[in-house]
Amino acid sequence: MERKKIGREDFEALIKGEKDIAPYIELDPVAGTYSVFGVKTASNPNYLVKAIYEMYETNLNRKLSVQAVRNLFRSVGMGSVGLNNLLKKWGMDLKPAEFLMLVFKLQHQQGWGSPLEFVEQSDKKIVIRTKQTFESQVMNDWKMPVCGIHTGWIEGILIAVTGKNWFCLETKCHANGDDYCEFVADQTESSWQWKAGAIVKGNSAITEYIEHKPLEGKIKLIDDPVVLMPRFIFTSMMSSLKKTMGEMPAGGVNYRAYMDMGKENVEHYKKMGITKPNILADMAFAFYSQMGWFKIIKTEWNVAAKMKTITLEHTAESEAFGNTGKNVCFCTAGLLAGIVEGAFGIKVQGREIKCRSKGDEHCVFTITNKPE
Ligand SMILES: [Zn+2]
Ligand SMILES: [Zn+2]
């Protein structure tokens with residue numbers, strides 16, 4: 001089959017609506033090729049889309065798995081920079097919003113949902129909507145805003161053609177029972193603060209911001225270098241300290257060391273511009289939890305007794321030690337106390353009052369003011 005030559009006039013006709021993509025679809029079943037508008041493609045089967053959402057859902061909740069899909073499709077959107085350069089070469093200088101509409105015209109006519117319409121546009125804000133997207137139909141049974149493919153795609157396209165950061169929010173979704181899927185894209189700074197805030201509010205998982213370069217021996221979590229450690233570091237450290245100083249002092253040393261670490265961690269957040277004590281503390285708890293240290297069951301605040309009680313499931317130490325008949329979470333107790341000290345600027349005492357390793361259901365910690 002001879003390949004059609006596609007030029008500027010074809011794109012112009014498509015943008016004006018004088019033509020659609022139908023005459024530009026070339027399917028060669030024998031060769032196993034399929035191209036649309038001169039670009040090699042393949043159909044987007046709904047089971048593939050469903051599988052992507054469900055793969056993320058295995059480890060995340062549904063809201064966060066939509067975000068993970070968005071992250072994935074941001075990269076897809078960034079790929080549109082090639083088309084943008086080609087059009088520029090032909091002297092077609094489209095505004096970012098016009099280019100966005102062109103890309104989606106090409107996609108939607110290939111089965112990605114109803115046509116998109118403009119609602120509003122300015123240099124820093126673009127609002128578009130569609131009766132339904134492909135993913136809003138496939139994921140309809142989730143009954144919530146599901147269009148991570150489109151939000152990510154929109155962000156990627158706009159980032160690629162403007163060189164600035166864009167954030168896209170789906171404000172209405174067909175899968176959530178709305179008349180439209182509506183996307184609001186804002187040009188925003190993507191600061192450390194903004195990302196960390198999204199994690200604390202449960203709008204992002206830290207996995208969205210992990211940059212792992214295994215072959216270079218580097219891992220970053222929102223621009224901060226981090227390392228992966230085996231959990232048995234706790235048992236190993238404890239037995240090493242126990243050998244040199246005995247069990248009780250070893251627990252005290254661990255408590256002290258992790259308390260300093262918790263405090264330093266909060267200091268780092270302060271340097272990044274976070275100031276409110278409650279947010280500082282919640283941020284540290286959310287980060288350590290998502291890094292695998294524990295799951296927070298609940299935190300209670302007894303105003304009269306000036307005591308904070310924190311209940312945790314599977315702390316790193318209780319999991320590492322297993323059942324020992326005693327409290328083992330000295331590091332976690334120190335860490336929690338350090339976080340509270342750093343965040344609120346007070347002196348506190350952290351104590352583990354129940355421990356999974358002792359046979360309790362959860363590890364429970366109290367944080368109380370330390371008399372000067
Ligand atoms: Zn939607
Ligand atoms: Zn414990």
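We count ligands from 1, going down the list as the structure has it; atoms in each ligand are counted the same way.
By the 4.5 Å heavy-atom criterion applied to side chains, M139 and K50 are counted as neighbours. Contact check for D178 versus H174: no side-chain heavy atoms found under the 4.5 Å cut-off.
Under 3.5 Å, the side chains of N327 and K354 contain no donor-acceptor pair of N or O atoms.
Protein nitrogen, oxygen and sulfur atoms, that is N, O or S, within less than 2.8 Å of the Zn ion (ligand 1) amount to 4. Protein N/O/S atoms closer to the Zn ion (ligand 2) than 2.8 Å number 4 in this structure.
Classification of the Y269-F287 ring pair by plane angle, with boundaries at 30° and 60°, yields tilted. In this structure, W194 and F167 have perpendicular ring planes: the angle between them is above 60°, well past the 30° mark. Taking the six-membered ring where tryptophan is involved, the planes of H150 and H108 are perpendicular, since the angle between them exceeds 60° and thus also 30°. Between W112 and F134, the two ring planes are perpendicular [angle over 60°; tilted spans 30° to 60°].
Aromatic ring centres of F234 and W293: separated by under 6.0 Å.
The pair K213-E211 meets the salt-bridge criterion, with a side-chain N (NZ, NE, NH1 or NH2) lying under 4.0 Å from an Asp/Glu carboxylate O.
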